[in-house]
Amino acid sequence: MTTLLASIGARTLGYLAGMGRGVIFLGSALLWALRPPAKFRLIIQQIRAIGVDSLLVVLLAGLFTGMVLGLQGYYSLRKFNAESFLGAVVALSLLRELGPVLSAFMVTGRTGSAMAAELASMRVTEQIDAMHSMAINPVKYLVSPRVVAGLIAMPLLTCMFNVIGIFGAYMVGVGLLDLGSGSYMAGMEQSVQLRDVGEGLLKSATFGVIISWVCCYKGFHALPMATGVGRATTEAVVLSFVLILLSDYFLTSVLL
Amino acid sequence: MIQVIDVHKKFGPQEVLRGTNLTIDDGCITTIIGGSGSGKTVLLKTMIALLLPDSGRILVDGTDITGLGQRPLNEIRRKFGFLFQGAALLDSMTLFDNIAFPLRERTRLGEEAIGRKVRERLEQVGLGDMGYKYPAEVSGGMKKRAGFARALATDPEIVLFDEPTTGLDPRLGQSIHRLIAAMQSQLGFTGVIVSHDIPEVFTISHRVAMLADGAIVESGPAAEFLQSQNPVVRRFLHGDAGEAVQ
Amino acid sequence: MNHKATEIVVGLFVVAGILCAGYLAIRLGKLEAFGNSGYVVYADFANVAGLRRGDSVEIAGVGVGRVDSLILVEDRARLALRIDPGVAIQEDAIASVRARGLIGDKFIAISPGASDRNLPDGGRIRDTESPPDITDLIGRMIGGNVTGDAP
């Protein structure tokens, strides 16, 4: 019994310590990001990795999400003779929820996993130790640029996701079904407020930081052995998904 | 001078270093030998605080580096160069940029001076025209040479070598040994080599120490060490009781 | 990929992203990108239930501006209406709160007046009509005396 309690206690302490380490890790990454000299070149490289390399999957996901929303929304709304609300339904669900969350998921899968794997392999092959030995701070060099790039690239990606999603729903609603183009666009313009756009951007910026943070943390602290890279990658993706959804709920409840 | 004083280090239940004492003299090459898993690399990494000992002290030129803050520790680390086992070159950079990396990040040298320095080091390790290649494009031996050039880039006082010949065929290993010896006599740094490449490594060592069961069992000038009557050393050197080696 | 190419690709990405953000913010979010254009007229209503900031102002069904703010002044709702430049509103124009369909979005409809004089920036529309209360309407319909007059 005592051993059981002791092991539960030890586990709890272990989780707490892990959480603390994670928060300290993010804090030092943000601090280093603010401290000059800024690493513009590295930030640009990472925006390319996060933004440009994920662009295709994000756009594809956005297009099909919009098309599904258009189709599903049209048939649901038609039951209430409210097809003219399609534009509003599509725009609001994309801007506030689906855009930020789904594009964050796509980026996690495409770039976040690669980020975790890259840092983990740097850990395993002692490249991170090598930086320490050269008196170069690996957090400043490896993590801060990725966090800043996530903060910048993620909202931009989300905007592209939203625009192409709105276009996808337009194609289905106006092109395929018999909704009027004016009624789709007017419904959208009348229901969307600047707040909706802003809150969506705030969410996606948060998700961008979460992805870079979690994936860097897991990669950075990978166990230095052959299986370390794979494990770090899996854990990074799963934890990113969970934290994105958790923070999404809290952000929504605070912002509404 | 590096003084290792009564250092203990545990990984989980496994006690790797149990009261290790060792003094590294300036201006010569000291080789630490021992069977694989004997804790040689751990000992080497504690000397530059990549691993922190559980207890004991490590003095670098009189300063205890255990428990130093980040800033003073970085000051101490500037004295060091480290050649890692797999060379640990940054994959995202060419060999040239790898060697220039510590110069760009840690010194105020202009790009031109850095370029001159990097080309000199590349020349010295025999990679004169390979600077534009990425680590993934060159052989293991070339990576080690580039890693060595990077370790030497900032003119360190102390260079640590973690198994510099592992993964290379004996001929290439010998060429790395000769390179280390040549550079040491030219630049005069203090070298610490961790190796199980015996007896080849003795040809370039001034002093040799042997680590077994977490402690230094024998140390001294290379010639004397070879004549040691210590049974553990004899077994390791001459392999006449294989089980002790592992 | 060399550094120049990376910079160009990232530059393109950022421009495309900002264009999309701009589209969403300005077209859908009604962000006034170039300061506040047009002029403001005020109108007091007894009741503007359901109207929100940013809802449109229309003359003869054509959008000519937006609701800038809603505040309470002496138990009445005072709306600031931002009217597009070049659109004139006569002194005796009538502003009313309307809805698209029975439950649709609310908007402000302005019926032009006959006066020669137009409202200046900061002027006030004196005649206003509040929306009919739907529950009240239904109640009266059951009672059989729908007159169509606003309460």
Side-chain angles (χ1 to χ4, degrees), chain A residues 40-55 58-59 62 80-82 84-85 87-88 90-92 94-95 99 103 149 152-167 183 185-201 204-205, chain C residues 1-36 50-58 61-70 82 84 97-109:
Chain A
F40 290 118
R41 186 168 277 223
L42 292 174
I43 292 173
I44 287 176
Q45 270 174 15
Q46 291 308 321
I47 291 181
R48 176 166 167 263
I50 296 173
V52 181
D53 293 353
S54 315
L55 188 57
V58 166
L59 290 184
F80 310 102
N81 281 325
S84 62
F85 284 97
V90 168
L92 285 179
L94 277 177
L95 286 171
S103 50
I152 296 172
M154 201 61 237
L156 294 176
L157 274 178
T158 303
C159 286
M160 299 187 198
F161 182 102
N162 289 338
V163 168
I164 199 161
I166 287 169
F167 170 73
S183 120
M185 294 308 288
M188 200 152 71
E189 284 170 30
Q190 261 138 26
S191 60
V192 174
Q193 304 280 308
L194 189 55
R195 267 190 65 162
D196 301 321
V197 181
E199 284 169 17
L201 289 185
S204 63
Chain C
M1 189 183 283
N2 72 43
H3 196 68
K4 196 87 194 156
T6 301
E7 277 174 355
I8 294 170
V9 167
V10 169
L12 283 176
F13 167 75
V14 171
V15 167
I18 289 175
L19 283 180
C20 290
Y23 170 80
L24 295 174
I26 295 168
R27 184 81 196 275
L28 301 185
K30 275 89 63 183
L31 175 72
E32 298 286 347
F34 308 103
N36 287 329
L51 195 73
R52 291 192 304 171
R53 229 185 125 225
D55 281 344
S56 63
V57 176
E58 300 181 0
V62 179
V64 297
R66 308 210 163 274
V67 176
D68 222 22
S69 68
L70 301 95
R82 183 161 291 282
D84 295 342
V97 180
R98 297 276 176 78
R100 281 175 231 288
L102 206 55
I103 52 168
D105 274 341
K106 296 288 196 295
F107 66 99
I108 300 287

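In what follows, every chain begins at residue 1, and chains take the letters A, B, ... in the order their sequences are listed. All values reported here derive from a predicted model rather than from experimental measurement.
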**Asked** How many angstroms lie between atom CZ of Phe13(C) and atom CG of Asp53(A), to the nearest 0.5 angstrom?
**Response** 10.0 Å

**Asked** Which atom names give the shortest non-hydrogen contact between Ile18(C) and Leu156(A), and what distance separates them?
**Response** N-CD2, 3.8 Å

**Asked** Which value, rounded to the nearest 0.5 Å, describes the distance between Glu7(C) atom CD and Arg41(A) atom CZ?
**Response** 6.5 Å

**Request:** Give, as side chain, backbone, both or neither, the part of Ala153(A) having an atom under 4.5 angstrom from any heavy atom of chain C.
**Result:** both

**Message:** Under 4.5 Å from any heavy atom of chain C, what part of Ile164(A) do you find: side chain, backbone, both or neither?
**Reply:** neither

**Asked** Among Thr158(A), Leu201(A), Val197(A), whose side chain to side chain contact (heavy atoms under 4.5 Å, CB included) with Leu24(C) holds?
**Response** Val197(A)

**Asked** Which pair of heavy atoms, one from Met160(A) and one from Gly17(C), lies closest together, and at what distance?
**Response** CE-N, 3.1 Å

**From Thr6(C) atom OG1 to Gln46(A) atom CD, the distance as rounded to the nearest 0.5 Å** = 11.0 Å

**Asked** Tell me, side chain or backbone of Ile152(A) under 4.5 Å from chain C's heavy atoms, or both, or neither?
**Response** neither

**Message:** Any heavy-atom pair between the side chains of Val163(A) and Leu19(C) that's under 4.5 Å?
**Reply:** no

**Message:** Is Leu55(A) in contact with chain C via its backbone, its side chain, both, or neither, using a 4.5 Å heavy-atom distance?
**Reply:** side chain

